[in-house]
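Chain identifiers are assigned alphabetically (A, B, ...) following the order of the sequence lines, protein sequences preceding nucleic acid strands; residue numbering begins at 1 within each chain. All values derive from a computational prediction rather than experimental measurement.
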Amino acid sequence: AQRVTQPEKLLSVFKGAPVELKCNYSYSGSPELFWYVQYSRQRLQLLLRHISRESIKGFTADLNKGETSFHLKKPFAQEEDSAMYYCALSGINTGFQKLVFGTGTRLLVSP
Amino acid sequence: EAGVAQSPRYKIIEKRQSVAFWCNPISGHATLYWYQQILGQGPKLLIQFQNNGVVDDSQLPKDRFSAERLKGVDSTLKIQPAKLEDSAVYLCASSRTDGLENEQYFGPGTRLTVT
């Protein structure tokens, strides 16, 4: 079974501080991992995926298969980063994308 | 390009009543998804369509939920009869195809309250 765990419901930091949103997953096959973000009054949208190995809005995430983790990191948080962040997993052995989401972490960046 | 459209945005009904939600995906997107998001949880996939065929409906409570995607474009999700535990935000998403490389685009959601 696929499972995604985000242990923190709320992460509160000051502007300029480093941020790490934790995500651990459980899946027996090869996973594809995603981070989705929902800003206030906006739609859920893709932030980044591990296969792209991109840095989006200063955020990066590295898939660690040994620790089954896909933590989201940013060295210097900005107020506009305040949002709800969801980690999601899709098993690639099904051949199609079927997302399983974590419960989400609310990031609050204070001035 | 226009995003995924959903209606209504809010709906309040009494338990045992029926309700229907409508979704219009992004033009040209073959894959359509319905998710249920209960307060404090992440979205949970209910059903996935590829064109007008069902790819996955393993988590759809089929005794009360039904969904269709006639002509492979718009889709409706129906609940009949509703229970208190159906109170949630129902999200529709679409993607170009169902391949792993495709981004899912989400609609604004319909917030359902069952009293």
Side-chain angles (χ1 to χ4, degrees), chain A residues 1-10 21-25 27 29-54 56 63 70 72 83-106, chain B residues 1-7 9-10 21 23-26 29-51 53-60 67 88-111:
Chain A
Q2 300 173 209
R3 184 179 298 171
V4 176
T5 302
Q6 294 180 252
E8 303 141 327
K9 286 191 179 299
L10 173 66
L21 290 89
K22 291 184 168 50
C23 172
N24 288 89
Y25 68 89
Y27 182 62
S30 293
E32 183 169 355
L33 277 298
F34 305 80
W35 277 99
Y36 277 78
V37 61
Q38 188 166 25
Y39 300 101
S40 180
R41 299 187 188 87
Q42 294 189 27
R43 304 174 182 206
L44 193 61
Q45 59 185 284
L46 178 66
L47 179 63
L48 57 79
R49 71 186 80 186
H50 91 271
I51 200 168
S52 300
R53 298 185 180 276
E54 296 174 303
I56 305 294
L63 178 60
F70 188 58
L72 184 67
M84 196 73 185
Y85 291 80
Y86 294 94
C87 183
L89 174 152
S90 181
I92 65 175
N93 61 354
T94 60
F96 59 88
Q97 189 179 116
K98 178 179 177 179
L99 291 177
V100 174
F101 286 85
T103 52
T105 297
R106 181 171 299 281
Chain B
E1 78 188 339
V4 176
Q6 289 187 248
S7 69
R9 294 294 310 277
Y10 305 92
F21 312 126
C23 173
N24 179 238
I26 293 173
H29 280 194
T31 310
L32 186 147
Y33 313 79
W34 282 102
Y35 291 87
Q36 179 192 59
Q37 185 172 19
I38 293 172
L39 186 65
Q41 299 182 20
K44 182 182 83 171
L45 180 68
L46 292 176
I47 188 167
Q48 178 178 343
F49 292 94
Q50 179 70 9
N51 295 309
V54 175
V55 174
D56 187 332
D57 63 356
S58 57
Q59 297 193 95
L60 187 73
V89 175
Y90 290 86
L91 296 168
C92 179
S94 71
S95 62
R96 197 169 301 278
T97 70
D98 63 359
L100 294 166
E101 71 282 4
N102 286 280
E103 179 176 348
Q104 292 188 28
Y105 294 86
F106 284 81
T110 296
R111 183 177 298 278

Legend entry - Heavy atoms from other residues, nucleotides or ligands near CG of Leu10(A) exceed 12 (cutoff 6.0 Å): yes

Inset, instruction - List the atom of Lys9(A), the atom of Gly40(B), and the distance in Å for their closest heavy-atom pair. - result: NZ-O, 4.3 Å

Inset, instruction - Determine the minimum heavy-atom distance between Leu45(B) and Leu99(A), stating which atoms define it. - result: CB-O, 4.5 Å

Inset, instruction - Keeping the roles fixed (side chain from Arg43(A), backbone from Gly3(B)), state whether a donor-acceptor pair exists under 3.5 Å. - result: no

Inset, instruction - Compare all side-chain heavy atoms of Gln37(B) with those of Leu44(A) and state whether any distance is below 4.5 angstrom. - result: no

Legend entry - Note, Tyr36(A) side chain near Gln104(B) side chain (heavy atom, < 4.5 Å): yes

Legend entry - Residue among Gly107(B), Ala93(B), Gly109(B) with most heavy-atom pairs under 4.5 Å to chain A: Gly107(B)

